[in-house]
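Have a look at the structure below before the remarks.
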Amino acid sequence: MPELPEVETIARILRPELIGRRIVAAQVYWPRTLAAPATPAEFGRALSGETIESVSRRAKYLLLLFKRGNLLIHLRMSGDLRFLAAREAPGKHDRLTLTLDNGRILAFNDPRKFGRIWFLNDAAPVLGRLGPEPLEDNFSAEWLYAALQARHRQLKPLLLDQTFLAGLGNIYTDEALHLAGLHPARISATISTQEAVRLHQAIRAALTAGIDNNGASIDWVYRGGSFQNHFRVYGRTGQPCPVCGAPIQRIVIGQRGTHFCPACQLR
DNA sequence: AGCATTACCCGCACGC
DNA sequence: TGCGTGCGGGTAATGC
């Protein structure tokens with residue numbers, strides 16, 4: 001469900017609700033949600049009594065930092081975080097709940113059960129292999145050009161590879177490639193310096209537009225975002241390209257649905 | 001052999 | 001009812 005702009009929005013919304021709150025109890029309803037520690041009992045013991053000091057994001061991971069340990073939450077395809085009222089029973093797909101010292105309950109809801117949660121002293125083993133943050137200074141057009149040259153891979157799967165660049169998902173990758181006028185199957189090493197500059201700018205523009213619209217809400221998951229109303233290509237198969245009017249085409253690249261304009265994005 | 005790239009697959013909800 | 005699809009990524013399989 002969430003890509004970088006959605007996780008960023010969730011972090012921003014949760015921050016004032018969570019900072020300074022103490023975890024009173026943790027309840028795990030679907031143990032496989034726990035990536036670490038291994039058992040719900042261990043998890044609950046480690047987390048209980050700890051106070052949330054900060055709420056932030058790295059790539060698509062939501063980070064809740066405590067004095068003793070870091071809670072990492074990855075929502076994957078269908079995960080969401082919501083609040084239950086004091087003593088409210090968990091809903092159908094609530095996989096884990098954290099009861100706060102003000103009585104409210106933070107619930108991790110995840111119909112598809114793909115999401116994962118870690119509570120670790122050191123987050124490096126989970127976050128260490130991630131590529132640069134696309135909105136940070138170390139992601140430059142020069143770096144992107146060199147990194148593209150160093151690989152021989154189609155742009156779509158390469159941009160989705162979190163070890164290459166961290167935070168892009170299926171939506172923002174399609175949107176960025178359309179903004180840049182690049183075909184999703186284009187081989188990375190053939191990109192010119194000018195094209196790399198365009199792609200760099202397009203990635204940032206797509207993500208920034210997503211954040212400005214509180215992310216995107218599609219299907220039955222994630223509510224509150226409005227970026228879905230500004231999609232140029234994603235999910236618009238057969239509809240006119242906003243630039244040239246040609247019908248948007250859908251193909252499959254790397255097992256992922258890929259939307260592009262066959263007129264604006266030539267190979 | 002050893003690295004880089006690709007395919008499979010995991011629950012569930014929804015629309016056609 | 002049945003089938004295709006999906007805001008993701010770990011791991012097995014394959015390619016170079």
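Lettering of chains follows the sequences in order, A, B, ..., and the numbering in each one begins at 1.
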Which is true for [X] with a 4.0 Å heavy-atom rule: it touches a base, it touches only sugar-phosphate, or it touches nothing?
| X | result |
| --- | --- |
| A:R129 | nothing |
| A:G257 | sugar-phosphate |
| A:R116 | nothing |

Where the side chain of [X] is concerned, which of [options] is the nearest nucleotide?
| X | options | value |
| --- | --- | --- |
| A:R153 | C:dG8, B:dC8, B:dT5 | B:dT5 |
| A:R250 | C:dG6, C:dG9, B:dC10 | C:dG6 |
| A:R32 | B:dC10, B:dT6, C:dG8 | B:dC10 |

Closer than 4.0 angstrom, basic N to acidic O: yes or no for [X] and [Y]?
| X | Y | answer |
| --- | --- | --- |
| A:D174 | A:R232 | no |
| A:D101 | A:R21 | yes |
| A:E3 | A:K60 | no |
| A:R68 | A:E50 | yes |

Compare the aromatic ring of A:F114 with the six-membered base ring of C:dG8 and state whether they stack according to the 5.5 Å and 30° rule. yes
Nucleotide [N], atom [atom2] - distance to [atom1] of [X] in whole Å:
| X | N | atom1 | atom2 | result |
| --- | --- | --- | --- | --- |
| A:M77 | C:dG10 | CE | P | 14 Å |
| A:F231 | C:dG6 | CZ | C1' | 13 Å |
| A:L165 | C:dG8 | CG | P | 14 Å |
| A:H152 | B:dA4 | NE2 | C1' | 12 Å |
| A:F164 | C:dG9 | CZ | P | 15 Å |
| A:L160 | C:dG10 | CG | C1' | 15 Å |
| A:L159 | C:dG8 | CG | P | 13 Å |
| A:R256 | B:dT6 | CZ | P | 15 Å |

Expected list for residues 246-258 of chain A: side-chain donor-acceptor pairs under 3.5 angstrom, two or more places apart:
residue: A:T258; atom: OG1; partner: A:K156; partner atom: NZ; Å: 2.9
residue: A:T258; atom: OG1; partner: A:R256; partner atom: O; Å: 3.0

Applying the 3.5 Å cut-off to both distances, the Watson-Crick or G-U partner of B:dC10 turns out to be C:dG8
Counting only Watson-Crick or G-U wobble pairs whose two distances fall under 3.5 Å, which nucleotide matches C:dG2? B:dC16
Of A:E6, A:E8, A:E136, the residue whose pairing with A:R57 passes salt bridge (charged side-chain N to carboxylate O under 4.0 Å, His left out): A:E8
Which glycosidic conformation, syn or anti, is assigned to B:dG11 if syn requires a torsion within 90° of zero? syn
For atom P, what is the distance between C:dG4 and B:dC8, given to the nearest Å? 15 Å
What integer number of Å spans the P atoms of B:dG11 and C:dT11? 15 Å
Strictly under 3.5 Å: I want the nitrogen or oxygen pairs between protein and nucleotides 12-16 of chain B, one per line.
residue: B:dC12; atom: OP1; partner: A:K113; partner atom: NZ; Å: 2.6
residue: B:dA13; atom: OP1; partner: A:K92; partner atom: NZ; Å: 3.2
residue: B:dA13; atom: OP1; partner: A:H93; partner atom: NE2; Å: 2.5

Can the ring centres of A:Y172 and A:F227 be said to be less than 6.0 Å apart? yes
Ignoring hydrogens and angles, tell me if any N or O in the side chain of A:R204 forms a donor-acceptor pair with the backbone of A:P134 under 3.5 Å. yes
